[in-house]
Structures are given as structure tokens and as C-alpha cells.
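The model shown is predicted, which means the values in this text are computed figures rather than measured ones. Values below: all heavy atoms of this structure, side chains included; hydrogens, waters and symmetry mates excluded.
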Amino acid sequence: MEDDTAGCPVSGQLWTRRTTETVARQLAHYGIVIGARTVSRLLKSIGYALRVNHKRIASCSPLQRDEQFQKIAGIRSECQHQGIPLISVDSKKKELVGRFKNPGAKWGRTPEPVNDHDFRSLADGIVVPYGIYDLQANAGSFYVGCSHDTPQFAVDCIAQWWQSEGLERYPDATEIVILADAGGSNGCRPRAWKFNLQHLVADPFNIQVTVAHYPSGASKWNPIEHRLFSEVSKHWAGVVLEHVDVILQYLRTTTTQTGLSVTAHLVETVYDKGIKITDQQMKALNCVNDRHIPQWNYTIKPTSY
């Protein structure tokens with residue numbers, strides 16, 4: 001087994017890529033007849049264990065990664081103490097509408113029949129639930145789009161949320177802070193994300209928009225993932241999302257013992273993909289980048305400022 005053995009230089013723990021059945025068969029060639037369970041017990045006694053892959057290799061500089069996490073921690077603390085509206089945003093997984101298998105299980109007398117394949121051609125539609133989680137209020141909002149997940153769609157959802165909930169909750173606010181992933185429709189690279197934040201949020205509401213992106217590959221630390229998305233996934237586990245109304249109903253009825261409340265809205269606007277923002281349009285933005293980590297932190301101020 002020497003050529004198939006790996007180990008941890010710190011703990012001394014060993015592991016092998018061979019299965020216990022394979023080891024048992026090979027030992028039989030040498031006249032040693034034992035079962036796979038005995039092999040397992042013997043391997044554990046000499047320091048072997050079952051191991052899985054660990055996602056620990058960061059794709060960006062560890063220094064930048066650590067600095068960004070520290071910066072976000074400071075932003076969250078400042079918003080909490082000063083009452084600045086702080087939201088975490090992201091797109092949840094696209095959902096096929098129809099009789100498709102939904103991971104998880106629910107109580108029932110008989111299992112519900114669903115399609116044997118998840119072909120898009122069998123779906124009545126595909127929806128994009130865009131989520132907004134208000135950290136101060138412990139409240140979530142979903143805007144269920146029926147079109148493409150574009151930067152304009154993402155910013156439209158934020159603008160609608162601010163108009164319907166944010167202004168009522170924070171009537172005296174002069175700034176809003178957004179926590180987002182580094183990729184996707186609300187990523188740090190798409191020009192249309194910043195362009196629409198300027199023209200759909202900052203200018204119309206005369207409010208300053210500060211954005212902090214989590215480092216690449218660190219989206220699981222975005223609060224919306226474990227404060228909102230995970231609760232929705234648990235709530236509708238095993239439920240057949242046969243109609244859009246079913247999706248909206250389960251989103252709206254997601255709650256937790258800590259007081260989470262959720263609203264959900266259907267967005268029927270059609271958003272086009274591939275809209276280009278020119279260099280001239282980008283230069284016209286009133287965007288101020290952070291001095292230390294500009295690629296992940298910036299503030300968009302109203303044009304009148």
C-alpha cells in the first residue's frame with residue numbers, strides 16, 4: 001500500500017485511495033483471508049482514516065483575503081452601531097417550474113411522482129429568486145424573476161426593495177451598504193452593476209451606495225447564504241415546485257425561531273443580456289474606489305454630490 005498512501009505531516013494521520021474490499025482481495029493472494037470490515041478496523045488501528053477533499057486553496061492573495069474580511073467586519077460593526085442600513089444580496093439557484101425532484105424529504109403517506117429527468121424542455125418556466133437580506137431587521141426579500149439574471153435585474157430588485165421596504169424602515173438614511181459576492185450579476189467586475197447602481201438607486205433616491213464584495217471563492221461567508229437561503233432550502237425541502245405561486249408561497253412563509261420574516265414578489269420584466277457599458281459612461285459615474293482594496297470596495301454617490 002506504500003504507493004497508494006498519503007498523510008498529514010502534522011497529525012500523522014494516514015489515508016489510502018484503495019478500498020477495504022480491494023485490500024482484502026489482495027491479501028487473499030498471499031493466503032490471508034479476512035473481510036473488508038476487519039481491514040477497516042486494522043487500518044484505523046495503524047492511523048488510517050476515511051478522508052474527503054477540503055476546499056482550502058484560495059484563488060487570490062491570502063493577504064488581500066484576510067484584509068477584506070477584516071474590512072467587512074469593520075463595516076458591519078459600524079453599520080450596527082450607527083444604524084446604517086446594511087443588506088446582503090445574491091441570486092439563489094435557478095429553479096425549474098414543474099414536476100421536478102426537489103432535494104430533501106417531507107412527511108407524507110406516499111411519495112409524490114415527479115419527472116424522471118430534469119430537462120428544461122419539460123419545465124413550464126425557469127425562475128431566478130434574487131434575495132435581499134436586511135441584517136439590522138433580520139428580514140429577507142425575494143424578487144422572483146422570469147427572465148435573465150443580469151446586473152440590471154439585480155439592481156432593479158434593490159431599487160424596488162428600497163422603495164417598498166427600505167425607505168419605510170430607514171426614513172432618515174443617507175447611505176446604504178451592500179455586501180455581495182465577487183462574481184455573478186452583482187459581482188465586482190460587471191460594468192452594468194455599477195452603472196445601474198448609479199442610475200437606479202443613488203440618483204433617484206439621492207442616497208450614497210457603498211459596496212463591499214466578499215473575496216473570490218468566499219461566497220459562503222455572505223450572510224444571505226446562511227441567514228436566508230439555507231432557511232428557504234430547509235422550508236421547501238422535498239416540495240414539488242410545480243407552479244410559481246407555490247414558490248412564492250414557500251418563500252413568504254419561511255420563518256425561524258429568531259424572528260426571520262420574508263417577503264416575495266414576482267418580477268415579470270424581461271431583461272436583455274449582453275448590454276455593454278462604454279468607457280465614457282463609466283467615467284461619468286460618481287464612483288469613489290477604496291484606496292487599499294479598490295477592486296472589492298467602492299462608494300457610488302449621487303451625481304448631485
Side-chain angles (χ1 to χ4, degrees), residues 64-91 130-141 151-163 165-216 218-219 221-225 227-228 277 281-305:
Q64 287 183 322
R65 182 185 177 94
D66 291 345
E67 284 184 354
Q68 183 64 4
F69 273 110
Q70 291 173 9
K71 185 172 186 64
I72 290 176
I75 289 174
R76 294 180 63 171
S77 177
E78 181 181 358
C79 290
Q80 182 178 2
H81 286 94
Q82 297 187 16
I84 300 172
L86 172 65
I87 60 173
S88 171
V89 302
D90 197 13
S91 297
Y130 189 84
I132 300 173
Y133 177 67
D134 185 339
L135 278 77
Q136 315 286 18
N138 189 26
S141 298
Q152 184 180 355
F153 166 64
V155 178
D156 253 348
C157 294
I158 295 172
Q160 290 181 47
W161 172 83
W162 184 249
Q163 177 71 56
E165 298 184 42
L167 280 173
E168 182 178 350
R169 205 171 286 157
Y170 308 99
D172 300 323
T174 58
E175 178 185 9
I176 180 174
V177 179
I178 301 174
L179 303 179
D181 292 349
S185 58
N186 47 221
C188 56
R189 292 183 180 274
R191 289 184 169 190
W193 162 252
K194 295 180 180 179
F195 178 83
N196 284 290
L197 281 177
Q198 178 80 71
H199 295 283
L200 298 180
V201 181
D203 287 349
F205 298 105
N206 195 36
I207 192 169
Q208 182 172 289
V209 181
T210 296
V211 184
H213 293 274
Y214 279 85
S216 304
S219 61
W221 278 279
N222 195 348
I224 196 171
E225 295 285 347
R227 298 278 189 88
L228 182 59
I277 305 300
Q281 288 175 312
M282 289 301 294
K283 289 180 181 179
L285 299 182
N286 192 5
C287 181
V288 180
N289 293 324
D290 180 73
R291 290 185 300 173
H292 301 294
I293 315 178
Q295 72 273 26
W296 289 331
N297 305 280
Y298 47 87
T299 297
I300 297 176
K301 302 180 180 180
T303 306
S304 57
Y305 275 33

>> What's the separation between atom CD in Q80 and atom CG in L135, rounded to the nearest 0.5 Å?
In response: 9.0 Å
> Quick one: NE2 on H199 to CD on Q281, what's the gap to the nearest 0.5 Å?
Replying inline: 7.0 Å
>> Under the criterion side chain to side chain contact (heavy atoms under 4.5 Å, CB included), I'd like the reasoning laid out for Y305 against N286: C-alpha separation, chi angles, the key distance, then a yes or no.
In response: CA-CA 8 Å; Y305 275 33; N286 192 5; 3.9 Å; yes
> I178 pairs by side-chain contact (heavy atoms from CB on, under 4.5 Å) with which of I158, I132, L86?
Replying inline: I158
> At what distance, to the nearest 0.5 angstrom, does CD1 of I176 lie from OG1 of T299?
Replying inline: 12.5 Å
> Do you know which two heavy atoms are closest between L200 and A159, and how far apart they sit?
Replying inline: O-CB, 3.6 Å
> Quick one: does L197's side chain get under 4.5 Å of W193's, heavy atoms only?
Replying inline: yes
> Which atom pair, heavy atoms only, marks the closest approach of D203 to P302?
Replying inline: OD1-CA, 3.3 Å
> Between Q64 and W296, does a side chain to side chain contact (heavy atoms under 4.5 Å, CB included) hold up when you go through it step by step?
Replying inline: CA-CA 10 Å; Q64 287 183 322; W296 289 331; 4.0 Å; yes
>> Can you confirm whether L179 sits close enough to I72 that some side-chain heavy atom of one is under 4.5 Å from a side-chain heavy atom of the other?
In response: yes
> So, Y133 versus N138: side-chain donor-acceptor pair below 3.5 Å or not?
Replying inline: yes
> Do the non-hydrogen side-chain atoms of F205 and Q163 ever get within less than 4.5 Å of each other?
Replying inline: yes
> Between the side chains of D134 and Y170, does any donor sit under 3.5 Å from an acceptor?
Replying inline: yes
>> Between C157 and F153, is the side chain to side chain contact (heavy atoms under 4.5 Å, CB included) condition met? List the steps.
In response: CA-CA 6 Å; C157 294; F153 166 64; 3.5 Å; yes
>> To the closest 0.5 Å, what do you measure between CD1 (I87) and CD1 (I224)?
In response: 9.0 Å
>> Looking at Q208 and T174, would you say the former's side chain and the latter's main chain have a donor-acceptor pair under 3.5 Å?
In response: no
>> Run the side chain to side chain contact (heavy atoms under 4.5 Å, CB included) test on V201 and V155 for me, step by step, so that the C-alpha distance in whole Å, both residues' side-chain angles and the decisive distance to 0.1 Å come before the verdict.
In response: CA-CA 8 Å; V201 181; V155 178; 3.8 Å; yes
> Any side-chain heavy-atom pair from R227 and S88 closer than 4.5 angstrom?
Replying inline: no
> Can you find a pair of side-chain heavy atoms, one from R76 and one from P223, that are under 4.5 Å apart?
Replying inline: yes
> Taking C-beta and beyond as the side chain, do T210 and I84 meet within less than 4.5 Å on heavy atoms?
Replying inline: no
>> Keeping Q136 on the side-chain end and C79 on the backbone end, is there a donor-acceptor pair under 3.5 Å?
In response: yes
> Roughly how far apart are S185 OG and Q152 CD, rounded to 0.5 Å?
Replying inline: 11.5 Å
> Crowded around R189 CZ? As in, over 12 foreign heavy atoms under 6.0 Å?
Replying inline: no
> Which heavy atom in N206 sits nearest to a heavy atom in S304, and how many Å separate them?
Replying inline: OD1-OG, 3.5 Å
> What are the two closest heavy atoms between P204 and Q198, and how far apart are they?
Replying inline: CD-O, 4.1 Å
>> What I'd like to find out is whether the side chain of P215 reaches to under 4.5 Å of the side chain of F69, using heavy atoms alone.
In response: yes
> What closest approach, in Å, do N186 and A180 show between heavy atoms, and which atom pair accounts for it?
Replying inline: O-CB, 3.7 Å
> Which pair of heavy atoms, one from P294 and one from R291, lies closest together, and at what distance?
Replying inline: CD-O, 4.2 Å
> Got a donor-acceptor contact below 3.5 angstrom from the Q68 side chain to the H213 backbone?
Replying inline: yes
> Do the side chain of D290 and the main chain of I293 share a donor and acceptor less than 3.5 angstrom apart?
Replying inline: yes
